[in-house]
Amino acid sequence: MSTPSIASSSVGVATASATRLLQSAIAACLGLMIVGFVGFSHIEIVHNAAHDTRHANAFPCH
């Protein structure tokens with residue numbers, strides 16, 4: 001019968017935290033790229049969809 005050691009469990013926690021941080025950073029970068037694309041898009045349909053969404057959520061954009 002073996003018992004888990006403290007060293008192996010702390011490595012697992014550190015790995016999980018690093019993975020969670022990496023996933024959060026990737027999600028934030030992806031979100032900023034999407035907002036930048038929509039905000040500066042010359043495609044009228046994309047811009048108008050974002051514009052209407054902001055108004056639907058009562059977020060001023062003018």
Side-chain angles (χ1 to χ4, degrees):
M1 196 155 121
S2 68
T3 59
S5 66
I6 294 173
S8 65
S9 65
S10 65
V11 170
V13 170
T15 304
S17 296
T19 302
R20 190 174 302 136
L21 182 63
L22 179 62
Q23 289 175 350
S24 298
I26 290 171
C29 288
L30 180 62
L32 287 173
M33 288 188 329
I34 290 171
V35 168
F37 169 74
V38 170
F40 295 108
S41 178
H42 293 288
I43 303 170
E44 191 172 342
I45 293 172
V46 173
H47 181 80
N48 288 340
H51 187 93
D52 294 343
T53 302
R54 284 184 286 230
H55 282 292
N57 290 316
F59 184 79
C61 59
H62 299 274

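Predicted, not measured: the structure shown is a model, and the values here were computed from it. We number each residue from 1, following the sequence as shown.
Within a 6.0 Å sphere centred on CG of L30, other residues, nucleotides and ligands contribute more than 12 heavy atoms.
The hydrophobic cluster around L21 extends to none of the other residues, as no ILVMFWY side-chain heavy atom falls under 4.5 Å of it.
In this structure, the side-chain contact (heavy atoms from CB on, under 4.5 Å) partners of I43, at least two apart in sequence or on a different chain, are F37, S41, V46. Residues satisfying the side-chain contact (heavy atoms from CB on, under 4.5 Å) criterion with I26, sequence neighbours excluded, are L22. Residues passing the side-chain contact (heavy atoms from CB on, under 4.5 Å) test with T19 are T15, Q23, sequence neighbours excluded.
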